[in-house]
Amino acid sequence: MTALKVRIGSLELRNPLMAASGTCGYGVEIANIVDLSTLGGIVTKGLYMSARDGAEVPRIAETPSGLLNAIGLQGVGIRAFVEKVLPELRTHDTKVIVNVCGETVDEYAEVSRIASDADGVHALEVNISCPNVKTGGIAFGTDPVMTHEVVSAVRRASRLPVIPKLSPNVTDITVFARACEEAGADAISCVNTFLGLAIDVESRKPRLAFGTGGLSGPAIRPLAVRMTWQAARAVKIPIIGIGGIASANDALEFFIAGARAVQVGTLNFSRPNIYADIEAGIVEYLTRHQLSDINELVGTIQYPA
Amino acid sequence: MTALKVRIGSLELRNPLMAASGTCGYGVEIANIVDLSTLGGIVTKGLYMSARDGAEVPRIAETPSGLLNAIGLQGVGIRAFVEKVLPELRTHDTKVIVNVCGETVDEYAEVSRIASDADGVHALEVNISCPNVKTGGIAFGTDPVMTHEVVSAVRRASRLPVIPKLSPNVTDITVFARACEEAGADAISCVNTFLGLAIDVESRKPRLAFGTGGLSGPAIRPLAVRMTWQAARAVKIPIIGIGGIASANDALEFFIAGARAVQVGTLNFSRPNIYADIEAGIVEYLTRHQLSDINELVGTIQYPA
Amino acid sequence: MTSRTMPPAADRVCRMVKRESLGGSYSMLTFESAEVSKAQAGQFAMIQPAVHADVTLRRPFSIMDTDPAEGRFSIFLKAIGPGSRAVADLREGESARVLGPLGHGFTPPFADERVFLVGGGYGVAPFALFSQGLNRDRANYRLFYGGRSAAELPLVEELEKRGMAITLSTDDGTRGEKGRVTAPLIAALDAEHGKARLYACGPEPMMHAVARIALERKIPCEVSLDPWMGCGLGTCLGCVVKIQEPGESKPKNRPACTEGPVFDSTRVIWGHH
Amino acid sequence: MTSRTMPPAADRVCRMVKRESLGGSYSMLTFESAEVSKAQAGQFAMIQPAVHADVTLRRPFSIMDTDPAEGRFSIFLKAIGPGSRAVADLREGESARVLGPLGHGFTPPFADERVFLVGGGYGVAPFALFSQGLNRDRANYRLFYGGRSAAELPLVEELEKRGMAITLSTDDGTRGEKGRVTAPLIAALDAEHGKARLYACGPEPMMHAVARIALERKIPCEVSLDPWMGCGLGTCLGCVVKIQEPGESKPKNRPACTEGPVFDSTRVIWGHH
Ligand SMILES: Cc1cc2nc3c(=O)[nH]c(=O)nc-3n(C[C@H](O)[C@H](O)[C@H](O)COP(=O)(O)OP(=O)(O)OC[C@H]3O[C@@H](n4cnc5c(N)ncnc54)[C@H](O)[C@@H]3O)c2cc1C
Ligand SMILES: Cc1cc2nc3c(=O)[nH]c(=O)nc-3n(C[C@H](O)[C@H](O)[C@H](O)COP(=O)(O)OP(=O)(O)OC[C@H]3O[C@@H](n4cnc5c(N)ncnc54)[C@H](O)[C@@H]3O)c2cc1C
Ligand SMILES: Cc1cc2nc3c(=O)[nH]c(=O)nc-3n(C[C@H](O)[C@H](O)[C@H](O)COP(=O)(O)O)c2cc1C
Ligand SMILES: Cc1cc2nc3c(=O)[nH]c(=O)nc-3n(C[C@H](O)[C@H](O)[C@H](O)COP(=O)(O)O)c2cc1C
Ligand code: FES
Ligand code: FES
């Protein structure tokens, strides 16, 4: 019997597989396709204080082995989530992590407070890395001082595990990982999307109405694995690896690099029930390598001297 | 008759298509497969003062729509290049750009001096962005002050066009573009490879002997186009767009984003004679859009307000 | 849009068992799927044959025919780019990932209403299934099927096989009446004095024109929108359309894959997709 | 390694005209290419069917047969991963990008030398072409063909068709002599009193063992290395092997695609690839 339980701060996950923010709605949308109890947890679409209508279409464009998106954080807002969505989501046996957004430090804190007071929210992922909004988002995630300020504010506002989600659009991710650890984060999500631009050459307009967008999918995996490895060596708190996971092998790369858990994003769109395959593949691998517990695999990369 | 001539500082190119450094050897290796006179120019493999044996194998791994490499700048050294290679390369009718490397600022200057004194070298591309060496390379390219220092030194050492090659592994590429312009650069190559890591899960070792490597290929195109667009708006000197070009359409994205010329890298390995197809596609596009000169297309992106 | 309960969707690997070419880039494919074979008219499925560098996501295709007994369904397909071509290139016996049935289909008409179906391009496909559900004598409904030229009416024979009453029109007059599909539609509506109901599926300008006609004549009308779709689940939010719901202060972006693709034409804010 | 002039290479889209399955993951494919049909034994071609997310680069395959008159060449292929599978899955009439002929092949023996060929895995393929070039009575050369089991000697019949003198061996004794291919080789060399020349192509441990045998007996020996290769042109520098050239102070990394794949066994620094 292989042990797949992992701990993210005080949060215990049945297995280390989660659905990434913005790729599984609020969980309820996919519940009839995917048995949510087979996931360690789900991360909600980013939530602000108020509802947002998001960006104009087109919002998504395909690129080689990747996806470029600028949804603009369309969402119902934290209050409507708590009142209208959470009651149904609670009926599913999985951990719920709220992806916290804000245009100001105060908004981050306020959203966190409301989420923490709600019954059925298990952790907060602090989104300081969305590239698709004109204020906040990535602006906080590419400045270590602002990162520290936002994470500290959320920390003060909540007793739930606080998990800042880092932007990959930085020179040195370890600086931001340390800033988060110092600010009292319980774990780090690594990483959000890469700022990209795709152009329709016929109209000479960007292929996304917003202009630039965030690149995700298998294309970015080698970059996300590298950042996960760097972050894991820089801090003591657990790392949640995110970026281009499309198979058990891909997930294993992140664990070996130092991730305690992983999130699947883009693949939720084309293979919503990928989790069973990933879990089966991980168990097969651990068994073949005589490991009885996924935690024994974390960070076992043999990096050349 | 469509005009494809472009100017990079004092350097005039027959057409805006070049073979990227490290992907066409010293040009002579591909001369029997590709008619070099159909290229605007070729950029040599990175050259130091002395010959280097490079990294251990494996040096290259494939990733989704991309390539991860850590060659470690194996090369003959600038003197051997000038004495043994250049005489043959000179016999081909194309522009020769030397990719200048160094472990110290002085070495960059010295390599530049020797290259400038040689007959048949038309420009210098300053490689401050190689992620696969333990000293120099990317260390210079991720620090604006060092970038300015290296580029200034090369500027003083040569009368040839100086073209720093930027690293994409930075938070804000415009800071580095401006530093280069201030230091007297004639143009900017945008971009080099992204630092990545791929792991062989069976051995738990990196798939490259060196450990991390540089990601290239179609996977990175949206990121390279975005950086080309940002750099082009930040400086007045021409930008050479590089990253994942595999077709005429891909090249057109870079021109529309603001590139005056482009380089093809990874695709030289699988399609060394891609240049004829790209040129034909560009001419077809310009004709269809009633443009008589490629220069009219540069930077015509219609970015949403 | 409506909240009628729809048959449950499933994400499965399904075998493509029958491939018929309809000339040019047109073809009809039949897949095995117990779930999708229960689809209602206007619903669709997301389909992707295999991992492909240029096709990260599945593609949406309307359900054209169903065979619940055999557990099969068919789609009509126009190959235009990498995603649809990858599906069109499937060989009989090969499999694809199929998610469906998805979305809200057409609302059934009342027995005393005359039904006017307006279709263009691949937009006629769902009407094949819809006509089966109308189970009444063909005098009570008619399909107005228009295209640029005869070559763009690839489904005429298939639909006639199904016994549908069809009025054809082409912009260039190479088949049926010359001109827009809306011309014969208006003529028929003028001749119609009882209760009527409109359903439109095809290019947006066509649907918009039909919506205007319906509005002028106060005829209930449903349109099936086809924005870009990435997931079919309501999670990517790439397929949103602007919808003005009664009682809401202003139009909102709503996912067409779950709240549509079929909408009451009076709720649609046109020109945003 | 030698600088004998080799036939010029070209990068072309070539049709695959004949596909023969040899059971399991083994097959033989014939392509049209005027240039590659002039290949010398030991040379190879880089082949890629189409753009594919997991196959950014072409894959190298040895030339097994050539038909210069018809402008055709054949390869023997073992499908093991995405790149070789993509080539193996080509349907007759479909095309692939072919770059070749590439590299330096085997140096021909002198007329008074007895030739010993040692092959394993896909490493025997180039000896099919090489044997044609030996044009002398089969008593003067012999192929020692070894594998783990009978199932791993897929080319025996093909090579016998070509009239080659072959000694078979398998580790498990399911075909030919039981044990390593080097055992019958040593026996034959012991019985040999004239001039001899060795050529080896196969798994590295086998080639290394043959190289040692050649060194002990001072017999000239060439080995065909098969490092990972990305371009075949000498530009990616991904295929380097450690070679000690006479007169050089220390071994250097040299691209096997242009300076090899065939090297004088005494120059090879083993255990680095
Ligand atoms: C609800 C719905 C039902 C549909 N039913 C059918 C059908 O029955 N038969 C049929 O042939 N086609 C149908 N389509 C259209 C079909 O999905 C697109 O033609 C297909 O996705 C194009 O993808 P591609 O890669 O082949 O072309 P691309 O080169 O990707 O794109 C070509 C054109 O198709 C559009 N497109 C691309 N991807 C999508 C997408 N995921 N969703 C919608 N549009 C897209 C692009 O905007 C572009 O205009 C339907 C679309 C929708 C939304
Ligand atoms: C000079 C030379 C001649 C060859 N001749 C033949 C032949 O005649 N028939 C035959 O079946 N195979 C031959 N090969 C081996 C063949 O190229 C590899 O099996 C193939 O490239 C594997 O790629 P893949 O994607 O199928 O497998 P992968 O999953 O990519 O890799 C499987 C294994 O093949 C190795 N490999 C992968 N890519 C390459 C590459 N580009 N070059 C070398 N090794 C690689 C990997 O290291 C790994 O060990 C030859 C190789 C070389 C260098
Ligand atoms: C359409 C889309 C919407 C996303 N929305 C959010 C979001 O609201 N908040 C967030 O933190 N990340 C968001 N992300 C980023 C993902 O959570 C994930 O970090 C990223 O996609 C990389 O993982 P992947 O390569 O597996 O997709 C979004 C990604 C996509 C593709
Ligand atoms: C194998 C390999 C070797 C490279 N060597 C160099 C080099 O020596 N100097 C340099 O400036 N860039 C080097 N590059 C980077 C390329 O010049 C180019 O900037 C990068 O590959 C992005 O372009 P592409 O996506 O078209 O490959 C190398 C790239 C590859 C794949
Ligand atoms: S297609 Fe993804 S939300 Fe509708
Ligand atoms: S295969 Fe690229 S240098 Fe040899």
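Throughout, a chain's letter reflects where its sequence line sits, starting with A, and its residues are numbered from 1.
Looking at A:S203, the atoms closer than 4.5 Å to chain B (heavy atoms on both sides) all sit in the backbone: N, CA, C or O. The part of B:F210 that comes within reach of chain A is its backbone (N, CA, C, O), which places non-hydrogen atoms under 4.5 angstrom from that chain. Residue contact with chain B, scored on non-hydrogen atoms closer than 4.5 Å, involves the backbone and the side chain of A:A257 alike. Contacts between A:F255 and chain B at a heavy-atom distance below 4.5 Å are absent for every atom of the residue. Of the two parts of A:L297, only the side chain, counted from C-beta on, holds a non-hydrogen atom closer than 4.5 Å to a non-hydrogen atom of chain B. Only the side chain of A:Q230 comes within contact range of chain B, with at least one heavy atom under 4.5 Å from a heavy atom of that chain. At a 4.5 Å heavy-atom cutoff, the contact between A:L252 and chain B is made by backbone and side-chain atoms alike.
Of the listed residues A:D200, A:V225, A:T142, the one with more heavy-atom pairs under 4.5 angstrom with chain B than any other is A:V225. Between chain B and the options A:A198, A:A224, A:G211, the largest number of non-hydrogen pairs under 4.5 Å is found for A:G211. Contact count versus chain B (heavy atoms, under 4.5 Å) is highest, among A:R288, A:M227, A:E202, for A:E202. Interface remark: of the candidates A:K205, A:H289, A:R221, A:H289 forms the most heavy-atom pairs closer than 4.5 Å to chain B. For the set A:A209, A:A246, A:P206, the entry with the most heavy-atom pairs within less than 4.5 Å of chain B is A:P206. Top candidate by heavy-atom pairs under 4.5 Å with chain A, chosen from B:L68, B:N249, B:V201, is B:V201.
Side-chain atoms of A:D143 never come within 3.5 Å of backbone atoms of A:F140 as a donor-acceptor pair (strictly under, hydrogens ignored). With hydrogens and angles disregarded, a donor-acceptor distance shorter than 3.5 Å links the side chain of B:D250 to the backbone of B:S247. Checked by atom type and distance alone, the side chain of A:N69 never pairs as donor or acceptor with a backbone atom of A:I60 at under 3.5 Å. Side-chain N or O atoms of A:Y275 include none that pairs as donor or acceptor with a backbone N or O of A:G40 at under 3.5 Å.
Residues A:R207 and B:E253 are not paired through a salt bridge, judged by the lack of any N-O separation under 4.0 Å between the basic side chain and the carboxylate.
For the side chain to side chain contact (heavy atoms under 4.5 Å, CB included) test with A:T228, the passing option among A:I239, A:V262, A:I256, A:I240 is A:I239; the others fail.
Proximity to chain B at a heavy-atom threshold of 4.5 Å picks out A:N169, A:V170, A:T171 from residues 165-181 of chain A, in numerical order.
Within the 4.5 Å cutoff, no side-chain heavy atoms of A:V6 are placed close to those of A:V298. Side-chain contact between B:S189 and B:I242 is present, with at least one heavy-atom pair separated by less than 4.5 Å. Considering only heavy atoms from C-beta on, B:I245 comes within 4.5 Å of B:I278 through its side chain.
B:I282 contributes atom CD1, which lies 5.0 Å from atom CD1 of B:I294 (distance to the nearest 0.5 angstrom). One distance of note links OG1 of B:T63 with CG of B:L215; it measures 4.5 Å at 0.5 Å rounding.
With sequence neighbours excluded, the residues forming a salt bridge (Lys or Arg N to Asp or Glu O under 4.0 Å) with A:R52 are A:E103, listed by chain and number.
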